[in-house]
Structures are given as C-alpha cells and as structure tokens.
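Only one structure is covered here, and it is reproduced in the block below.
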Amino acid sequence: MKRISLVLAACALSAACSPRQPEEPAAASPEAAAMAGGHGQMGAGMSAAAPGDSVATQGYKSSMNTMMEEMPAFTGDADIDFMKQMRGHHVAAVSMARVELAQGKDAQARSLAQEVIAAQEREITLIDAWLAQKGAGAAPTG
C-alpha cells in the first residue's frame, strides 16, 4: 500500500509540474506560441531565487529549474515521450528528496524522501534500459 501511495504522489507531482499542451494551433495565442517548441516556461519566475529563501527552498527551486531546462523535446512518439518526460520528473524528485534529507527534520518526511530516492532511481534504471532497447538515444543524466 505504501508503494502505491508513493507512485500516486509521484504521478500527482508529475501532473502538477507538467505544462499543459495548447489545444489550438501555436499561432492562436502568445501562450501557445511560447509553448510550441517544448515545455515553454512553466510559471516563469515561479522558481526564481528570492532574497531570504532558505537553503531548502533554494534546493527545491534549483531542482525544478534544472528539470525544466533539461527536459527533452517531444518526438511525437507517445511511448518515447512518456518515458523521457517521466525520467526528467523522476530525476527532479530524487533531487528534491535529497534536499529533504539534507535540510528536513521531520522523521516521516525524511523517511518518504528515502523511499522516493530508492523507487525513482530504480525506475530511472528501467526507463534508461527501455530507451536503450528502443534506440531512443541517451536521456539526460540529471
């Protein structure tokens, strides 16, 4: 049951962090045009450093910014795109969990962070093997 909860939490994070695809052609709106080449700028400024950010907040923002900067372009192949995009989210989840281990104090949050690292690293390995088998090219190392 704990593993299912972890997977659901990861899926929720993935969905919350993923920009929405425009339903109209790219030229229909400035927002759609900005998204046309890839991920656009997920909440531009959302993860910008701010004076007074704690070390943990700086780490979380860095994780999110790195994830969005390193996300690969969409290929049009649903399976390959899914695997590559999920890999990027998994790498960010591991990075955020490491910030929790370094800065967090709550035993339950730290325990979940350890579980996230183990589960996501295992899945990254599976994704990398699948991508290699499909000849989909190397994913970013993150």
Side-chain angles (χ1 to χ4, degrees), residues 1-50 53-142:
M1 187 65 161
K2 191 181 258 189
R3 180 175 285 165
I4 291 171
S5 297
L6 180 60
V7 170
L8 291 175
C11 289
L13 173 66
S14 174
C17 295
S18 296
R20 304 291 182 243
Q21 288 286 46
E23 293 187 24
E24 300 179 62
S29 70
E31 295 83 11
M35 297 275 298
H39 281 81
Q41 294 199 6
M42 182 185 91
M46 175 188 90
S47 296
D53 279 351
S54 69
V55 173
T57 299
Q58 291 172 23
Y60 296 136
K61 287 181 175 183
S62 176
S63 297
M64 293 299 294
N65 287 333
T66 299
M67 176 183 72
M68 294 311 296
E69 290 167 6
E70 293 182 359
M71 279 293 190
F74 291 101
T75 66
D77 181 301
D79 299 322
I80 291 172
D81 288 345
F82 170 76
M83 294 297 241
K84 286 186 173 186
Q85 298 301 313
M86 286 307 300
R87 186 187 193 286
H89 284 282
H90 283 25
V91 169
V94 169
S95 177
M96 292 177 73
R98 288 194 171 130
V99 171
E100 170 58 25
L101 291 177
Q103 300 297 318
K105 294 173 180 42
D106 183 85
Q108 286 181 308
R110 291 175 53 80
S111 177
L112 179 60
Q114 291 172 327
E115 290 178 34
V116 165
I117 291 168
Q120 301 295 289
E121 285 182 341
R122 186 172 49 253
E123 291 181 13
I124 289 168
T125 300
L126 292 172
I127 290 169
D128 287 347
W130 186 92
L131 288 168
Q133 177 187 12
K134 299 297 180 182
T141 56

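Here the structure is a predicted model, which is why all the values come from computation and not from measurement.
- At a threshold of 4.5 Å between non-hydrogen side-chain atoms, the residues F74 and Q85 count as touching.
- In this structure, the separation between OG1 on T75 and CZ on F82 is 13.5 Å, given to the nearest 0.5 Å.
- Formation of a donor-acceptor pair under 3.5 Å by the K84 side chain with backbone atoms of A136 is found in this model.
- Using a 4.5 Å heavy-atom threshold, the side chains of Q120 and H89 count as separate.
- The heavy-atom pair separating M96 from Y60 by the smallest distance is O-CE2, 3.4 Å.
- Nearest heavy-atom pair across D106 and E100 is O-OE2, 4.1 Å.
- Under the salt bridge (charged side-chain N to carboxylate O under 4.0 Å, His left out) criterion, R98 pairs with E121, not counting sequence neighbours.
- How far CZ of R122 is from CD1 of I127: 12.0 Å, rounded to the nearest 0.5 Å.
- In terms of heavy atoms, I117 sits closest to A97 at CG1-CB, 3.6 Å.
- If you take CD on E123 and CG on D128, they are separated by 12.0 Å, rounding to the nearest 0.5 Å.
- Rounded to the nearest 0.5 angstrom, K134 NZ and M83 CE are separated by 9.0 Å.
- Of the possible polar contacts, none joining the S111 side chain to the A107 backbone as a donor-acceptor pair under 3.5 Å is found.
- For the atom pair N65 CG and E70 CD, the distance stands at 11.0 Å (nearest 0.5 Å).
- A pairwise comparison of heavy atoms in G88 and M67 identifies O-CG, 3.6 Å as the closest pair.
- Nearest approach of A48 to D53, heavy atoms of both residues: O-OD2, 4.2 Å.
- Residues A102 and R110 approach most closely at N-NH1, 4.4 Å, considering heavy atoms.
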